[in-house]
Amino acid sequence: MKLATWNVNSLKVRLPQLLTWLAAQQPDVVFLQETKLQDGEFPKQEIAAAGYHAAFSGQKTYNGVALLTREEPTDIVFGNPLYPDEQKRLLAATVGGIFMVCAYVPNGQSVGSDKYAYKLAWLEALARWIEERIAVNPRLVVAGDFNIAPEDRDVYDADAWEGQILCSAPERAAFQRLLSLGMKDSFRLFEQPAKSFSWWDYRMLGFQKNRGLRIDHILLSDLLARHCSAAAINREQRKLDRPSDHAPVTSELAC
DNA sequence: ATGGTAGCCGCGCTA
């Protein structure tokens with residue numbers, strides 16, 4: 001089973017790229033973030049024609065998450081039941097006996113801001129919910145845009161970013177809390193090239209200079225991590241015309 | 001150097 005997560009930064013703009021990419025990569029489950037589409041605007045027909053079921057939770061202009069699945073999803077959950085939230089950032093469903101959680105973690109803007117407090121509260125509630133669910137669904141995936149670079153090696157210039165948003169100690173602790181529940185960062189189950197990133201700022205030639213961060217992740221519960229056979233970042237996608245600022249991240253399960 | 005780029009029904013906000 002092939003899993004993929006991708007912050008598309010507007011599904012409307014990225015739909016042609018997504019369809020081409022689906023045909024080329026043939027993932028079984030796709031976690032999308034920043035669709036920026038109200039549910040009535042979701043391109044159901046195009047996604048169905050590509051061979052996918054879709055569950056989605058969107059809003060105008062900001063946020064929005066979706067799950068595309070080869071198999072029909074069941075038990076669809078909109079939002080974290082432990083954290084009522086106007087912002088559409090969380091969607092989960094059972095697919096092939098695995099509980100799939102698609103997360104668009106708040107960016108946090110800057111350390112100490114109101115948005116930062118919201119980010120930490122959101123993450124804390126996510127961990128509490130995952131802790132509950134993993135006891136019931138030991139086959140569990142949390143994938144999405146975490147807006148956290150877990151370690152210094154996930155940052156192009158760790159000194160410049162030290163303590164900054166996406167890298168601060170409380171954010172990294174929140175990420176570790178998820179790992180402490182038995183989740184594994186699938187990308188790090190394998191040897192990977194140095195300076196592997198998943199997001200590059202549109203500004204200042206960020207991608208061309210590989211000034212990036214690895215903030216998009218696929219976390220696998222221990223039971224699934226044992227069967228993970230590969231993990232990668234589809235960096236090539238960022239080279240296309242009108243790219244998302246994020247590249248897709250994939251993991252393969254040999255089960 | 002507090003810049004810059006992209007996407008949004010926008011006349012700034014978020015990332």
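So you know, we letter chains A, B, ... as the sequences are listed, proteins then strands, and number each from 1.
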Between dT2(B) and dA15(B), how many Å separate the two C1' atoms, rounded to a whole number? 16 Å

Between the protein and nucleotides 3-6 of chain B, list the N/O to N/O atom pairs that are separated by less than 3.5 angstrom.
| residue | atom | partner | partner atom | Å |
| --- | --- | --- | --- | --- |
| dG4(B) | O6 | Arg203(A) | NH1 | 3.4 |

How far does the C1' atom of dA6(B) sit from the matching atom of dG10(B), given to the nearest Å? 14 Å

Phe31(A) and side chain to side chain contact (heavy atoms under 4.5 Å, CB included): which single residue from Leu67(A), Val65(A), Asp216(A) fits? Leu67(A)

For the C1' atoms, the ones on dC11(B) and on dA1(B), what distance do you get once it is rounded to whole angstrom? 28 Å

Phosphate-side-chain proximity, Ser10(A) and dC8(B), N/O vs OP1/OP2 below 4.0 Å: yes

Testing Asn9(A), Asn63(A), Thr61(A) one by one against Lys36(A) for a side-chain hydrogen bond (donor to acceptor under 3.5 Å, both in side chains), which residue passes? Asn9(A)

Fit a plane to each ring of Trp21(A) and Trp6(A), take the angle between them on a 0 to 90° scale, and name the class: parallel (under 30°), tilted (30 to 60°) or perpendicular (over 60°). tilted

Classify the ring geometry of Phe207(A) against Trp200(A): parallel below 30°, tilted from 30° to 60°, perpendicular beyond 60°. perpendicular

Give the rounded distance in Å between these two atoms: CD of Gln38(A) and P of dC8(B). 13 Å

Trp199(A) has an atom CH2; how far is it from atom P of dT14(B), in whole Å? 17 Å

Residue pairs, two or more places apart or on separate chains, that pass salt bridge (Lys or Arg N to Asp or Glu O under 4.0 Å) and touch residues 170-182 of chain A: Lys119(A)-Glu171(A), Glu124(A)-Arg177(A), Glu131(A)-Arg177(A), Asp152(A)-Arg172(A)

Asn147(A) has an atom CG; how far is it from atom C1' of dA15(B), in whole Å? 8 Å

Close residues, residues 102-125 of chain A, relative to DNA chain B [heavy-atom separation under 4.0 Å]: Tyr104(A), Asn107(A), Lys115(A)

Looking at every non-hydrogen atom in both residues, tell me the closest pair between Asp145(A) and Ile215(A) and how far apart they are. OD1-O, 3.7 Å

Measure from CG on Asp241(A) to P on dG7(B) and round the result to the nearest Å. 11 Å

Would you mind reading off the distance between Gln59(A) atom CD and dC13(B) atom P, rounded to a whole angstrom? 17 Å

Protein-nucleotide distance (Lys60(A), atom NZ; dC13(B), atom C1'), rounded to Å: 14 Å

If you look at every strand shown and take non-hydrogen atoms under 4.0 Å, does Arg89(A) touch a base, only sugar-phosphate, or nothing? sugar-phosphate

Measure from CZ on Arg211(A) to C1' on dA1(B) and round the result to the nearest Å. 12 Å

Length of the CG-P vector between Asp245(A) and dG7(B), whole Å: 9 Å

Nearest-angstrom distance, P atom, dC9(B) to dG4(B): 25 Å

Could you label the plane-to-plane angle of the Trp199(A) and Trp161(A) rings as parallel, tilted or perpendicular, counting under 30° as parallel and over 60° as perpendicular? perpendicular

Salt bridge (Lys or Arg N to Asp or Glu O under 4.0 Å) contacts touching residues 153-162 of chain A (sequence neighbours left out): Glu151(A)-Arg153(A), Asp154(A)-Arg188(A), Asp154(A)-Arg214(A)

Under the 6.0 Å and 45° cation-pi test, does Arg70(A) pair with Tyr52(A)? yes

Please list every donor-acceptor pair under 3.5 Å in which a side-chain atom of residues 247-255 of chain A meets a protein atom from a residue at least two apart or in another chain.
| residue | atom | partner | partner atom | Å |
| --- | --- | --- | --- | --- |
| Ser251(A) | OG | Ser186(A) | OG | 2.6 |

Can any side-chain N or O of Ser110(A) pair as donor or acceptor with the backbone N or O of Ile165(A) at less than 3.5 Å? no

Which atoms form the tightest heavy-atom contact between Val155(A) and Cys167(A), and what is the distance? CG2-SG, 3.7 Å

Which residues, if any, of residues 152-171 of chain A bring a heavy atom under 4.0 Å of DNA chain B? none

